[in-house]
2 protein chains.
Amino acid sequence: MGAEQLVLAVSTVVVALRPHPETGRLTLWLPLVRRIREPYRGMWALPGEPLRPEDDLATSARRTLERTTGLAPHYLEQLYAFGAVDRSPAGSGEDRVVSVVYWAIIRADEDARAIDGENVEWFVADEAPHLAFDHDTVLAYALARLRAKMGYSAIAHAFLTDEFTLAELRQVYEAVLQRPLDPANFRRQVLASKRVVPTGRHLSGTAHRPPALYRLAVPIPSADPARVVAAGHPEQEELT
Amino acid sequence: MGAEQLVLAVSTVVVALRPHPETGRLTLWLPLVRRIREPYRGMWALPGEPLRPEDDLATSARRTLERTTGLAPHYLEQLYAFGAVDRSPAGSGEDRVVSVVYWAIIRADEDARAIDGENVEWFVADEAPHLAFDHDTVLAYALARLRAKMGYSAIAHAFLTDEFTLAELRQVYEAVLQRPLDPANFRRQVLASKRVVPTGRHLSGTAHRPPALYRLAVPIPSADPARVVAAGHPEQEELT
DNA sequence: CCAAAAGTGTTACCCGTACACCCATGA
DNA sequence: TCATGGGTGTACGGGTAACACTTTTGG
């Protein structure tokens, strides 16, 4: 037992929707980085970095996203702080690491511009390899929470551009929730929620009847506590 | 600008239900500690401590609870990690502090045994004084989240003993949500949810008809990611 | 004009709410 | 026996799910 140090790191689970290589259906993908040193050398892990004293937690997550994908996040949210003492292999003289984990959601249009960083590779989220540290748990938790949050918040829009068709929005839900939704009922529910406003424009060039384009009525609410509190009487759906 | 160090601390928002000093109705209370050194000397703050390298985050929260109330927590959940760079007054040469905040819920029977620690005093949650650091925000967020979570989880039971009447359970909801609930409908909803099982026993000594006693059918689900993930197909209501 | 997706209408059902009412007990 | 909270019955209304149907385009 040497002089163990306590280190604070920030990791980010970056998710985007891309077609599945086999079925062609939209699925969640995420970038992982291959570890180039011990411990867990050679294994895949979530991207991250130690927190610098001059950085906010979110700033660190943003930089990690930049480094691994070349992108700036439009949606970033804190997930959880993982701090079990045995997260790094015990007795190896390694530092004890507490990781604050963030989520970032990549929009379809940005995803096209994504550039892989050093030792970065994208994986289908549900088919990711066994990961270093406790990152299997972290990833599973992130996915479970993302799916749960789809039900009561507007994060689905974080995957889409400003203008979108209701079919596109529905496909996001179907991809993340992994089940088909009734187009007729979906349309009514979304319109009834007033979250979405028709732009008057229509999407042309489709194989069939041109669908109407919509825009978000209000921006996606931030999950940042400071903003949630400042918003006065918080709605349940805005709290995690 | 001296050599700033990065420090990781764990704070705990401890809540219990006690009668309001004026109205006599049940309300949320919490213990605060008076700061005995700079910065914010003399102000009230959330109890907490720097994380020791040999402690899990939850272990640290547990010790804080022990130190301020003499109790061991039956319900403990991680809330959020606060890490803005200016949380401590800037330029004062103070360390930069990242705080992982936990919630602890005190049951009615334990609350009776609570002993105040050094410089500890309890306050009605909604009438707490202006706090040190960003603890006003932290507290507001904790209360908002507690109220939201009452709607879709079983945490209300964290305030109660093993055996309880439906009226007691309803009073917990009413106290936290700050609005009256229809006893008839409340009873049906709770019974329909199957979360609760009659013990067959009745509470005697009441002024009127003796109410039936109930017990939790399944323990309150832990919000710990490791357990949530291990539980297989997670229900939405178990996720935060 | 045909296929297929966009979009509308209709109906049955579940669930939350409101509220009238009966039951059991201590005082 | 009466006041009071415990406990039951019932009817209304909003929201969701299922699915038949009409509309609009490209080929």
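Residue numbering restarts at 1 for every chain, and letters A, B, ... go by the order of the sequence lines. These numbers come from a predicted model, not from an experiment.
The backbone N or O of R67(B) sits nowhere less than 3.5 Å from a side-chain atom of T69(B) that would complete a donor-acceptor pair. Listed for the E77(A) side chain is no donor-acceptor partner under 3.5 Å among the backbone atoms of Y102(A). Side chain of S193(B) to backbone of R195(B): a donor-acceptor contact under 3.5 angstrom is found. Although no hydrogens or angles enter the test, the distance criterion places no donor-acceptor pair under 3.5 Å between the side chain of S204(B) and the main chain of H202(B). Formation of a donor-acceptor pair under 3.5 Å by the R145(A) side chain with backbone atoms of L79(A) is found in this model.
A salt bridge does not link R34(B) with D116(B): every distance from a Lys NZ or Arg NE/NH1/NH2 to an Asp or Glu carboxylate oxygen is 4.0 Å or more.
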Produce a footprint string for nucleotides 4-12 of chain C: one letter per nucleotide, 5' end first; B if the base is under 4.0 Å from any protein heavy atom, S if only the sugar-phosphate is, - if neither. B-BSBBB--
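Here the range on DNA chain D touched by chain A, meaning any atom under 4.0 Å from one of its heavy atoms, is dT16(D) to dG26(D).
T206(A) comes within 4.0 angstrom of sugar-phosphate atoms only, judged by non-hydrogen atoms across all strands, and of no base.
To the nearest 0.5 Å, atom CZ of residue R170(A) and atom CG of residue N185(A) are 11.0 Å apart.
Here the closest heavy-atom approach between residue Y75(A) and residue A223(A) is recorded as OH-CB, 4.3 Å.
Between F164(B) and Y214(B), the gap from one ring centroid to the other reaches at least 6.0 Å.
Over its full length, the helix from dC1(C)-dG27(D) to dA27(C)-dT1(D) turns its helical axis through 0°, comparing axes from the five pairs at each end and rounding to 10°.
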Tell me, with the steps shown, if D182(B) and R188(B) meet salt bridge (Lys or Arg N to Asp or Glu O under 4.0 Å). CA-CA 10 Å; D182(B) 184 310; R188(B) 262 188 300 261; 5.9 Å; no
